[in-house]
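Following: one structure in structure tokens, then a few remarks.
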Amino acid sequence: MLSDLREGKMTALIAHARTTSAWDRISPHLGDPALTAAAAATVRDLLEACGSRRYVEDLAEDYLKQAVDTAEHVGLEPSLLTEIGRLTQRMMRSDAA
């Protein structure tokens, strides 16, 4: 996250944050090559408070569900569907940690 902020990357988190009232407090830090870890922690807190993190988590969950639904629709073997489900759950848990 620190390097993304320093580089000014337009991530899904940032794109969503631009639509919130927190943007005025987040934007000065975007693209700041001297951004400190403490300032990045503040930005992370703002991204959480304005709902950007939840938005991106929900978006990822929706995309994963669509992928699993598509895999079922095209007739992937049950063992592969089970593995996809297991990996999906693991990814969602590791991202939330």
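Just the heavy atoms: all of them, side chains too, but no hydrogens, waters or symmetry mates, feed the values below. None of these values were measured; they are calculated from a predicted model.
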When every non-hydrogen atom of Pro28 is compared with those of Trp23, the smallest separation belongs to CD-O, 4.4 Å

So, for Leu30 and Gly8, which heavy atoms are closest and what is the spacing to 0.1 Å?
-> CD1-CA, 3.6 Å

Could you tabulate the donor-acceptor pairs under 3.5 Å formed by side-chain atoms of residues 34-42, not counting sequence neighbours?
unit_1, atom_1, unit_2, atom_2, d
Thr36, OG1, Ala39, N, 3.0
Thr42, OG1, Ala38, O, 3.3

Which ring pair (Phe, Tyr, Trp, His ring centres under 6.0 Å) pairs, counting each pair once, include a residue from residues 44-82, with sequence neighbours left out?
-> His16-Tyr55

Qualifying ring pair (Phe, Tyr, Trp, His ring centres under 6.0 Å) pairs, either residue in residues 29-48, two or more places apart | none

side-chain contact (heavy atoms from CB on, under 4.5 Å) with Glu7: which residues, sequence neighbours excluded?
-> Ser3, Lys9

Set of side-chain contact (heavy atoms from CB on, under 4.5 Å) partners for Lys65, sequence neighbours left out | Asp69

Let me confirm one number: the [atom1]-[atom2] distance from [X] to [Y], rounded to the nearest 0.5 Å.
| X | Y | atom1 | atom2 | answer |
| --- | --- | --- | --- | --- |
| Ile14 | Ser27 | CD1 | OG | 9.5 Å |
| Ser79 | Ile84 | OG | CD1 | 9.5 Å |
| Asp58 | Arg54 | CG | CZ | 4.0 Å |

Using side-chain heavy atoms (C-beta onward) and a distance below 4.5 Å, is [X] in contact with [Y]?
| X | Y | result |
| --- | --- | --- |
| Leu47 | Ile26 | yes |
| Glu72 | Leu81 | yes |
| Met10 | Arg18 | yes |
| Asp4 | Leu13 | no |

Taking the side chain from Thr20 and the backbone from Cys50, do they hold a donor-acceptor pair closer than 3.5 Å?
-> no

Does one hydrophobic cluster hold both Leu80 and Leu87, with members joined at side-chain heavy-atom distances below 4.5 Å?
-> no

Hey, any chance Val56 and Leu2 share a hydrophobic cluster, counting ILVMFWY side chains that come within less than 4.5 Å of each other, even indirectly?
-> yes

Those residues at least two apart in sequence (or on a different chain) that pass salt bridge (charged side-chain N to carboxylate O under 4.0 Å, His left out) with Glu61 are none

